Structure formats: C-alpha cells, structure tokens
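Contents: one structure, followed by commentary.
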Amino acid sequence: MTESTVSLFEKLVQADPPDDVPVLFDTACVIGGSIAGLLAARVLSDRARRVVVIEPDDISTETGSRPGVPQDQQVHTLLPAGQLWVERWMPGITEEAQDRGASFVPDKGVTAINGVPQAPDGEGRHLLAIGRPLLETLIRNRVTAMDNVSVLRGQATGLQYRDEAVSAVRYVPTDGGDQGDRGAAVLDADFVVDAMGRSSRLSNWLRQSGYDQPRLERVEAPINYATALFERPVKVADLEKVGALALFAPQYPSSGVSVAAAQPIEDEQWIVMLMGYGDSRPGRTIGEFRQACTKLPSVFTTATAGAAIGDVVTYRQAESRRRHFAEVGRFPARLVSVGDAVASFNPIYGQGMSSAALHASCLASYLGGGPDLDTAAREFFRLQQVVVDAAWAVSAGGDAARLDAQNGTEVPDEVREQRWAMEQITAATLFDGEVTRAFNNVSYMLRHPATLADPELLARAVAAAEGAMADLADTTIDR
Ligand SMILES: Cc1cc2nc3c(=O)[nH]c(=O)nc-3n(C[C@H](O)[C@H](O)[C@H](O)COP(=O)(O)OP(=O)(O)OC[C@H]3O[C@@H](n4cnc5c(N)ncnc54)[C@H](O)[C@@H]3O)c2cc1C
C-alpha cells in the first residue's frame with residue numbers, strides 16, 4: 001500500500017465540496033433512488049441543468065420499508081465518514097435527524113468483544129442510530145427539494161449509446177396502471193449513474209452491447225440477520241447504556257450469535273439485531289429473540305423488555321461482492337456506477353452507506369478535475385477503487401481470515417503476519433485507548449486501513465494485548 005493511496009483516501013474523506021463549479025451536462029440520469037443514487041444526484045445537481053432519478057418504487061411521499069431496498073428493516077448505522085459527507089452535502093441534516101428522534105450513540109464502550117467493552121478512544125465520535133427508511137427519507141427530501149432534481153417512476157431496462165458514450169436510458173414506467181400495457185420509454189441523458197444496488201443489471205447491459213463487463217469478485221460470508229423493534233419507555237438521556245455493538249468469537253457461548261446490536265431510534269423504539277454465520281439463525285421468533293438476548297450484555301435484555309413492535313424480520317446474504325470497474329477495457333464514456341452496485345460488503349461492518357457517500361465524493365472530485373467526457377470515466381473508477389479497496393480490506397479481509405481459520409486453510413506468510421497483527425490490535429482495543437482510536441478511525445472509514453500497519457502502533461498493541469487473548473477466550477460477559 002503506497003503512502004499516496006493512504007493520503008488520497010483521506011483526501012476523499014476530508015475534501016470540501018466544490019463551490020462555484022461549471023455546468024457540464026444538460027441532463028444527468030441516476031438509475032436507483034436509494035442512498036447511493038440520492039447522494040450522486042446531489043453531486044450532479046451542481047453539474048447538470050437537470051438531474052433525473054429513475055426509481056421503480058413510489059418515493060413521492062415519506063416511505064417506510066419499500067420493495068426496492070429489501071434490507072431496509074435491518075439495523076443500519078451511519079458511520080462518522082458517512083455523517084461527514086451527508087452533512088457537507090446537506091447541512092443541518094443530522095440535527096434534523098435528531099429532531100425526528102434519531103440518536104447519536106457514543107463510542108465509549110459501544111463495542112464489546114465477548115462482553116468486554118473496548119477501551120474509550122477519547123475522540124468522542126458518534127454513530128448515528130436511525131431507522132434506515134427515515135434516513136433515506138431525510139436525504140431524499142433534501143435532494144428532491146433542489147430545483148433541478150426530479151424523480152421519474154420507472155424501471156430502467158437498458159442503455160443507448162452514441163460515439164462510444166452513453167446517450168440515453170431505456171425504462172418502463174411503474175407509476176400505476178397495468179405495466180404490461182406500457183411500452184418502454186427513453187430518457188436522453190449526457191451522463192448516467194448506475195445506483196441499482198447489489199442486483200444491478202449494468203454488467204448484463206454492457207455485455208449485450210459488446211462492452212466489457214467488470215470482473216465480479218465474491219467472498220463467501222453467509223450471514224443471517226434477525227432484527228426486531230421494541231417499545232422504549234425510557235428517554236435516551238436517561239438510559240444507563242445508550243446502545244451496544246457486541247462481537248463474539250466463534251468459541252464463545254452466545255447461542256450462535258456472532259454479532260448483536262441494540263440502538264435507540266426514532267419513535268421511542270429500540271432496534272435490536274442478532275447475527276449468526278452459516279447455519280446459525282438466532283432469534284426467529286420474538287420469544288427466541290428475547291431468550292438469546294438474556295445471554296448477551298444486559299443492555300440487550302433492557303432493549304427487548306418493552307412490547308415488541310411487529311415480528312422479527314430476517315435477512316440472509318451469502319457473500320460479499322465487488323465489481324472491478326477500474327480494470328475494464330472497452331467501456332462507454334459518460335457512465336459510472338456507485339454504491340452497492342460496485343461493492344456490497346458483509347453488513348456487520350456498517351460500511352455500505354458511508355462507502356456510497358465516499359463514492360459521491362469521488363464523483364465530485366472526478367467532475368471537478370476537468371475530465372475528458374468523451375472517454376470512459378477511468379479517473380473516477382481509479383478514485384473509487386481506493387475507497388472500495390479500503391472498505392473491502394476491512395470486511396472481506398475479516399471474512400477470509402474467519403473462513404481460513406474455520407477450514408484450517410494454509411495461507412502465505414505475509415497474510416498470516418497481517419492477520420496476526422490485526423488480532424493483536426483488536427485484542428488491544430479492550431485495554432488501550434490509543435489503539436482503539438486508531439482502530440475506530442479505520443472502522444469508521446475516516447482513515448485508511450494501512451494506517452494500522454504502523455510499527456509503533458503494533459508494538460503498543462502487542463504490549464497491551466499480552467494476556468488479552470487469554471481473557472478473550474474465557475471471559476464471562478460483563479453485564
Ligand atoms: C442486512 C444489512 C444491514 C446493513 N447495515 C448497514 C449499516 O449498518 N450501515 C451502512 O452504512 N450500511 C448498511 N448496509 C448496506 C446498505 O444497505 C447499502 O450500502 C445502502 O443501502 C446503499 O445502497 P445503494 O443505494 O447502493 O443500493 P440499495 O439501497 O440497495 O438501493 C438500490 C436502488 O435501486 C433501485 N433499482 C434497482 N433496480 C432498478 C432499475 N432497474 N431501475 C431503477 N432503479 C432500480 C431500487 O429500487 C433501490 O431503490 C446493510 C445492508 C444489509 C443487507
């Protein structure tokens with residue numbers, strides 16, 4: 001990892017949004033009106049006379065859960081890097097979220113490993129705890145309130161090209177009526193963003209038109225999420241513990257729960273999530289859910305004590321995926337892809353929405369750099385790769401290590417050493433605030449993972465981790 005990659009990543013995190021920028025496009029089209037698409041639309045609103053977001057779901061009013069985002073009832077946390085960018089593009093939105101009942105979960109003790117809370121890191125950073133539909137609604141309200149942004153209700157079905165560049169998007173309207181009777185329509189566009197999420201069809205469309213498909217990389221990460229909502233009679237300010245993220249080593253007796261989270265969110269609710277790997281499917285009924293929580297730190301019993309609101313909602317995902325757009329050969333100009341359409345990770349790391357925010361930062365940087373719009377957006381994909389590599393190193397790296405350990409797979413010395421170093425750092429976060437700060441900055445996507453390879457930090461971690469490994473193996477939960 002070169003120093004320039006680290007500083008480029010941090011520039012993309014810290015850069016101010018450009019001001020006073022020239023308009024480059026007449027019509028920019030964003031396909032997909034979820035978090036990544038909305039943030040891309042926000043960037044393009046500075047660069048296009050009009051921005052049209054094509055989205056099949058009805059998002060004209062405040063939405064709850066909706067079909068296009070099947071994961072939206074699961075617990076979603078906005079990491080500090082995502083908060084930074086969302087606030088930069090839409091000043092005041094985090095305060096608005098709090099006014100609507102979202103809360104900031106302080107990092108002090110928020111993460112516990114086998115019941116042992118991480119040492120406080122002293123930075124006072126917060127995770128934004130909010131229902132995913134509310135967060136999307138707040139972002140959408142801001143973006144669609146812009147004079148030049150509109151939403152077109154439809155399902156994109158393909159692209160049209162002229163002179164090796166995208167020139168239009170084909171779509172089928174979905175705004176009511178019998179869709180079978182509705183012919184495909186075409187929207188002319190001089191810049192197109194694919195924000196169709198994990199199941200994006202873009203690769204197929206490219207192949208059908210003779211362009212190169214990005215290589216698809218997969219890492220097995222079979223996760224089973226179960227999330228439930230409970231009434232919260234106590235105000236956030238009066239809570240003894242404001243939420244928790246608990247991680248458990250495989251050998252730890254936690255009823256098959258590998259990760260659990262409890263967060264106070266809007267409407268006086270707790271949102272509580274239990275996650276198991278592989279065949280472990282913790283808490284499929286409210287009774288099972290509560291039972292599993294009794295074996296976790298006490299905040300989980302508190303959070304599940306109120307009346308349940310609805311049933312347990314489950315979500316299964318088999319793998320993390322990324323598409324390597326930076327490698328493609330023949331690729332049309334005026335086309336980029338963002339968000340989960342490019343990389344969708346093991347969600348326990350909470351990186352998806354913050355990655356989407358950083359992809360928007362890449363888009364702003366690319367468009368601000370005076371790009372040659374008659375050639376493929378390679379500079380955009382180069383910037384985006386820095387962001388995806390960083391997030392992938394954390395989430396897929398962790399999964400690969402877990403799988404190799406589980407299967408007893410031999411790995412090269414270099415990889416073994418990296419994993420050993422990461423184990424020392426993780427264990428040291430339970431005892432040493434400085435190591436926790438470095439680790440959290442990477443987890444929160446504020447700093448590049450390569451910053452954890454600092455020899456001084458590692459020496460400090462090794463010293464702090466002495467004895468911690470044993471504690472990790474046989475601690476009892478700190479209730
Ligand atoms: C269980 C789970 C938990 C998660 N927890 C977190 C978390 O804690 N923190 C976090 O940051 N991230 C989390 N994520 C990831 C997060 O959900 C995504 O990264 C985030 O939603 C951004 O995705 P997106 O906008 O790229 O795609 P999506 O949110 O999947 O949206 C895709 C959009 O494209 C639309 N679309 C699809 N096809 C078409 C088409 N043909 N034409 C037009 N529109 C189309 C869909 O209707 C939808 O609106 C989690 C994910 C999962 C699965």
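What you see is a predicted model; the values in this text were computed from it and never measured. We count residues from 1, following the sequence as given. Counting starts at 1 for both ligands and their atoms, in listed order. Quick note: numbers below take in every heavy atom, side chains included, and nothing from hydrogens, waters or symmetry partners.
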- Task: Under the ring-ring contact (aromatic ring centres under 6.0 Å, His included) rule, collect the residues that match up with Phe191, sequence neighbours excluded.
- Result: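 Result, ring-ring contact (aromatic ring centres under 6.0 Å, His included) vs Phe191: Phe25.
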Measure from the side-chain N and O atoms of [X] to the backbone N and O of [Y], and report whether any donor-acceptor pair falls under 3.5 Å.
X      : Y      : answer
Asn148 : Ser45  : yes
Thr301 : Pro297 : no
Asp57  : Ile59  : no
Arg153 : Pro173 : no

- Query: Among all residues two or more places apart in sequence or in another chain, which pass the salt bridge (charged side-chain N to carboxylate O under 4.0 Å, His left out) test with Arg132?
  - Reply: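 Partners of Arg132 by the salt bridge (charged side-chain N to carboxylate O under 4.0 Å, His left out) criterion, ordered by chain and then number, come out as Glu136.
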Which option wins on minimum heavy-atom distance to [atom]: [options]?
atom                    : options                      : result
atom 34 (O) of ligand 1 : Ala195, Gly37, Ser355, Pro67 : Ala195
atom 10 (C) of ligand 1 : Gly350, Gly197, Ala357       : Gly350
atom 48 (C) of ligand 1 : Gly82, Ser337, Gly68         : Gly68
atom 20 (C) of ligand 1 : Arg132, His76, Arg201        : Arg132

Examine [X] against ligand 1 and note whether any of their N/O atoms are separated by less than 3.5 Å.
X      : answer
Glu55  : yes
Arg66  : yes
Ile31  : no
Arg198 : no
Asp340 : yes
Ala156 : yes
Ala36  : yes
Ala341 : no

Among all protein heavy atoms, pick the one closest to [atom] and tell me residue, atom and distance.
atom                    : answer
atom 39 (C) of ligand 1 : Met196 CG, 3.6 Å
atom 3 (C) of ligand 1  : Pro347 CB, 3.3 Å
atom 9 (N) of ligand 1  : Thr77 O, 2.9 Å
atom 11 (O) of ligand 1 : Met353 N, 2.7 Å
atom 44 (N) of ligand 1 : Pro56 CD, 3.1 Å

Which of the atoms of ligand 1 are close to [X], meaning less than 4.0 Å from one of its heavy atoms?
X      : result
Ile54  : 43 (C), 44 (N)
Gly339 : 26 (O)
Tyr225 : 1 (C), 3 (C)
Gln74  : 1 (C)
Ile35  : 25 (O)
Ser34  : 25 (O), 28 (P), 29 (O), 31 (O), 32 (C), 33 (C), 49 (O)

- Task: Select one of side chain, backbone, both or neither to describe which atoms of Leu79 lie under 4.0 Å from any atom of ligand 1, heavy atoms only.
- Result: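 Neither; no heavy atom under 4.0 Å.
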- Task: Please state which part of Gln71 comes within less than 4.0 Å of ligand 1, counting heavy atoms only: side chain, backbone, both or neither.
- Result: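 Looking at Gln71 and ligand 1, just side chain atoms fall under 4.0 Å.
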- Would you check, one step at a time, whether the test ring-ring contact (aromatic ring centres under 6.0 Å, His included) holds for Phe381 with Phe325? CA-CA 6 Å; Phe381 290 121; Phe325 283 92; 5.1 Å; yes
- Look at the rings of Phe380 and Tyr366 and say which category their plane angle falls in: under 30° parallel, 30 to 60° tilted, over 60° perpendicular.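 Answer is perpendicular, since the angle exceeds 60°.
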For atom [atom1] of [X], decide whether the heavy atoms of other residues, nucleotides or ligands shown that lie under 6.0 angstrom number more than 12.
X      : atom1 : result
Asp279 : CG    : no
Arg201 : CZ    : no
Asp311 : CG    : no

Residues [X] and [Y] bridged, charged N to O under 4.0 Å:
X      : Y      : value
Asp212 : Arg330 : no
Asp121 : Arg125 : no
Arg321 : Glu217 : no
Glu327 : Arg215 : yes

- Query: Can you find a heavy atom in the side chain of Leu159 that is under 4.5 Å from one in the side chain of Leu202?
  - Reply: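 Answer yes - side chains close enough.
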- Query: Would you say Gln317 contacts ligand 1, with heavy atoms under 4.0 Å as the rule?
  - Reply: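 Judged by the 4.0 Å heavy-atom criterion, Gln317 does count as contacting ligand 1.
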- Determine whether any heavy atom of Val75 lies closer than 4.0 Å to an atom of ligand 1.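 So Val75 counts as touching ligand 1.
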